[in-house]
Amino acid sequence: MASDSGSTVMIEKEFPKSEKRKTNFDVIIIGGGPAGYTSGIYCSRARHETLILTGVLPGGQLVNTTEVENYPGFEHGVMGPDLMITMRKQTERMGAKIIDDEVIDVDFRHKPFKILTASEEYECKAVIIATGASPRKLGIAGEQTYGGKGVSYCATCDGPFFRNQEIVVVGGGDSAIEEATFLTKFGKKVHVIHRKDQLRASKVMQERAFSNPKIEMHWNTVVSDISGDGKVQSVILSDVKSNVKTSLSVGAVFVAIGHEPNTKVFKDRVELDEQGYIKLKDHTKTSIQGVFAAGDVHDHRYRQAITAAGFGCMAAIDVDRYLTESK
Ligand code: NDP
């Protein structure tokens with residue numbers, strides 16, 4: 001396996017042989033969120049033939065959010081899905097080809113690199129991994145059983161299904177508090193269940209939640225069980241200090257406890273850290289020369305749309321330099 005450090009700890013997996021049609025690009029960007037689209041804009045403007053494989057749900061995490069108030073350029077904020085549609089159109093206008101297909105394997109051992117989807121095999125000189133991160137699961141009884149039947153990871157998508165019901169939101173970060181506030185539009189009451197005695201969410205979000213009469217905070221508490229009869233009907237709440245358990249009748253449980261990096265397909269292909277995020281050196285370079293990464297797939301510190309876009313720009317500039325130097 002190629003590595004610009006000259007050594008590698010990765011195990012080589014057998015890459016499946018394919019008779020599929022080959023298609024060549026200068027750069028393939030894997031992922032269709034702010035990092036992927038921004039790198040697509042920069043790579044296309046640098047006149048590199050660019051393909052973006054977005055996965056089956058293009059737009060990244062912003063398609064699951066409501067109003068974004070902190071993305072510069074929008075005086076009155078912008079809806080997350082609208083921002084992503086605009087970014088996609090801008091990327092296409094710059095000349096990038098965008099396909100909503102999912103990458104199932106990659107071969108970075110030799111150049112050109114190979115990128116495999118269910119229907120195609122693509123080849124390219126450079127890759128930018130911008131696959132982002134996905135919602136973390138609670139891992140408790142009932143979570144999987146009632147997935148799509150009251151358990152949700154997306155308030156924007158599913159909130160309207162729970163009008164006039166009692167709703168639980170798990171978590172204490174910006175996502176949880178933003179979702180709880182949004183869900184008060186629909187629910188009779190929103191219970192925020194947080195395992196600590198203070199929130200991690202930004203002060204402005206906290207103030208909004210604390211002044212909302214429909215939101216009730218449950219401190220030092222976790223959801224230990226979800227039950228129902230075909231759909232969610234109740235949760236068991238456990239006090240983490242006293243271990244006292246109580247039952248709460250609710251129609252929905254929204255889980256908003258952070259994210260896991262989307263790196264399954266890159267395991268044993270590029271170096272990952274202990275949490276599964278892509279390890280970088282010299283800003284955007286992965287352990288494989290010619291393979292770069294941008295956004296939440298490596299960044300668990302900032303995790304903002306604007307920082308993901310910034311990383312996308314950086315990765316594209318590094319790709320441009322790499323392609324120019326390797327000519
Ligand atoms: P965070 O990692 O910030 O917060 C996760 C929350 O879930 C924490 O309160 C954590 O608790 C809790 N948690 C984690 N695991 C568990 C578990 N197994 N059981 C119970 N609780 C758990 O994630 P977010 O998704 O909230 O935010 C990610 C990033 O995106 C942040 O930087 C945030 O600022 C940003 N963001 C910005 C928004 C905006 O500006 N509009 C909207 C949404 C997100 P603990 O505190 O104890 O660790």
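Note: hydrogens, waters and symmetry copies are ignored here, and every other heavy atom, side chains too, is used. Whatever order the structure lists ligands and atoms in, that order sets their numbers, starting from 1.
Of the candidates His194, Arg301, His300, Arg195, it is Arg195 that places a heavy atom closest to atom 17 (C) of ligand 1. When Ser175, Ala176, Ser202 are ranked by how near their heavy atoms come to atom 43 (C) of ligand 1, first place goes to Ser175. Among Asp296, Val255, Ile257, Ile306, the residue whose heavy atom lies closest to atom 5 (C) of ligand 1 is Ile257. When the heavy atoms of Gln198, Glu69, Arg200 are ranked by distance to atom 8 (C) of ligand 1, first place goes to Arg200. Closest heavy-atom approach to atom 34 (O) of ligand 1 within the set Asp299, Asp174, Leu62: this belongs to Asp174.
Numbered from 1 in the order shown, with element, the atoms of ligand 1 that lie under 4.0 Å from a heavy atom of Lys196 read 45 (P), 46 (O), 47 (O), 48 (O). Distances below 4.0 Å separate heavy atoms of Gly258 from the following atoms of ligand 1: 5 (C), 23 (O), 25 (O). Ligand 1 places these atoms under 4.0 Å from at least one heavy atom of Gly172: 6 (C), 7 (O), 8 (C), 9 (O). Close approach of ligand 1 to Tyr302 (heavy-atom distance below 4.0 Å) involves ligand atoms 32 (O).
Residues Ser227 and Ser234 bring a donor and an acceptor atom of their side chains to less than 3.5 Å of each other. Residues Asp320 and His48 have side chains that bring a donor and an acceptor to within less than 3.5 angstrom of each other.
Remark: the backbone N or O of Glu120 is paired with a side-chain donor or acceptor of Thr117 at under 3.5 angstrom. A side-chain donor-acceptor contact under 3.5 Å links Thr286 to the backbone of Ile288.
Distances from ligand 1 to the non-hydrogen atoms of His259 include at least one value under 4.0 Å. Ligand 1 has no atom lying under 4.0 Å from any heavy atom of Val222.
Taking the ring axis of Phe108 as reference, the NZ or CZ atom of Lys114 does not stay both within 45° of it and closer than 6.0 Å to the ring centre.
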**OP:** Any chance you could lay out the side-chain contact (heavy atoms from CB on, under 4.5 Å) test for Ile99 and Ile52, step after step, and finish with the verdict?
**Re:** CA-CA 6 Å; Ile99 298 177; Ile52 304 182; over 6 Å; no
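Of all non-hydrogen atoms in Tyr37 and Met84, the two that sit nearest each other are CD1-CE, 3.6 Å. Across Gly142 and Val151, no two heavy atoms sit closer than the pair O-CG2, 4.3 Å.
Under 4.0 Å from ligand 1, not a single heavy atom of Leu199 appears. Heavy atoms of Glu178 found under 4.0 angstrom from ligand 1 belong exclusively to the side chain.
Taking the six-membered ring where the residue is Trp, Tyr71 and Phe74 present tilted rings, their angle falling between 30° and 60°.
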